[in-house]
Protein chains: 2
Amino acid sequence: MNAKEILKSHILKTAQLNDEQFDYLFSHFKPLLFKKGQAIISEGDKVEHEYFVVSGCLKAFFINDEIKMYILQFAMPTWWTSDYGALYNHTRATISVDCISDAEVLCLSNDDREKLCREIHQVEHFFRWRTNRGYLASQKRLLSFMNNDTKARYEELLTLYPQLYNLVPKHLIAAYLGVSRETLSRLYNAQK
Amino acid sequence: MNAKEILKSHILKTAQLNDEQFDYLFSHFKPLLFKKGQAIISEGDKVEHEYFVVSGCLKAFFINDEIKMYILQFAMPTWWTSDYGALYNHTRATISVDCISDAEVLCLSNDDREKLCREIHQVEHFFRWRTNRGYLASQKRLLSFMNNDTKARYEELLTLYPQLYNLVPKHLIAAYLGVSRETLSRLYNAQK
DNA sequence: GGCCTTAGGTGATCTACATCACATTCTGCA
DNA sequence: TGCAGAATGTGATGTAGATCACCTAAGGCC
């Protein structure tokens, strides 16, 4: 499947769009290719776009005190990512996005999303549904943070996204779990 | 302001509805009164509704191992709450909602929300925007959890919601911050 | 008003995890 | 192919916060 087909099947799961409508929608997306390690959004940038991942893996992260990195989201194919706070409030990026592997993405501007939502009711429906998913995932993660210890969260992550284990270096998994890489290393070496 | 006016001014900030449309929308809401301590959603319940707070204060919480309570959200006037996971996925409640003080709420069923979103584009717009807010708040809280220690999170909470300090017992604030009541007590007694 | 339940404070102790320090691979690339 | 930097493992030690135990104060309510 190419990028257009992947986006189409992703959106049609939720919204009813005819071909003409989808083509119109799609015409607002810009395909982009990135190399492993490349930055897409850096702290302090103006943020005008959000990104739909076609292939590869991105990470959205926050860096505290110029030292510690916390990963908010690994963005896998069919996931969306951006610094949504900055995007919606027209502020500078506090969250950065870069590529864990080579990646193919579709890029949509905030203005175009809002325009499309106004023009096509079903597009607004799709984005409501999508944000909903994100909200529920975020709440679930918050609960998991409060409720579980690191080991349980590590196992939960691997159950949820088994691909991550091979794709993503361990220190990034630690940054997602919010523990030091040393602690994570000890954890899964102890449990043989 | 009465319940209808409060909801109206809340929604009109985001969506453009004429009086007729708003009256139609409002006709799907059911006003309810609750007493301090009363449960609105209990673990295991079928969840069919979400709730808009007109006055008073609710909490949405999760209880782990029948012992520890974690508060996901304090719901103040003009906030919405429910067990959204259960509501959208038609599963039983894992999150409970009850009243910290006497409360007046407006109750909307999931079916009616979806129907209204289908019928009135601006209503869908409103709910997209609302979920968005929730998503951003939840992400921010997640980051704060990873990044800050308890004391910083406590101060952040009081800055964000100064009313809570008087309204809400301290052990509930501890349950929101995800620390023991003892630790919280020591924290703010030490800082004189 | 008295009683019981709930809220809150405080000391002693325990523990998960951070931090620092250093050794050991692995990997990309000149 | 060899070398620098990144990723990972592992010990020693420090610390925030949990847990347990107990005490006091403050509400509801008969």
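Each chain gets a letter, A, B and so on, in the order its sequence line appears, and its residues count up from 1.
Against DNA chain C, the stretch residues 157-177 of chain B makes heavy-atom approaches under 4.0 Å through B:Pro169, B:Lys170, B:His171.
Of the possible donor and acceptor atoms, one in the side chain of B:Asn2 sits under 3.5 Å from a partner among the backbone N and O of B:Lys4.
Side-chain N/O atoms of A:Tyr188 include none lying less than 4.0 angstrom from OP1 or OP2 on D:dT8.
A:Phe74 has its ring centre less than 6.0 Å from the ring centre of A:Tyr176. Checked against a 6.0 Å centroid threshold, the rings of B:His10 and B:Phe126 count as neighbours. Under the 6.0 Å cut-off for aromatic ring centres, A:Phe127 and A:Trp80 qualify, their centroids lying closer than that.
No hydrogens or angles considered: a donor-acceptor pair under 3.5 Å links the side chains of B:Tyr88 and A:Asn132. A donor-acceptor contact under 3.5 angstrom links the side chains of B:Lys115 and B:His28, judged on distance only.
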Which letters describe nucleotides 13-30 of chain C, given B = protein heavy atom under 4.0 Å from base, S = only from sugar-phosphate, - = neither?
-> ----SBBBB---------
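Geometrically, A:Lys151 does not engage A:Tyr188 in a cation-pi contact defined by less than 6.0 Å to the ring centre and at most 45° from the axis. By the 6.0 Å and 45° rule, A:Arg130 does not stack over the aromatic ring of B:Tyr135.
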Secondary structure string for DNA chain C (Watson-Crick or G-U under 3.5 angstrom, | for other-strand pairs) | ||||||||||||||||||||||||||||||
May I have the step-by-step check of salt bridge (Lys or Arg N to Asp or Glu O under 4.0 Å) for B:Glu114 and A:Arg128, ending in yes or no?
-> CA-CA 11 Å; B:Glu114 291 302 314; A:Arg128 175 168 71 92; 2.8 Å; yes
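The CG-P distance, from B:Asn189 to C:dA7, rounds to 17 Å in whole Å.
In this structure, A:Phe29 and A:Phe26 have parallel ring planes: the angle between them is below the 30° cut-off, well short of the 60° mark.
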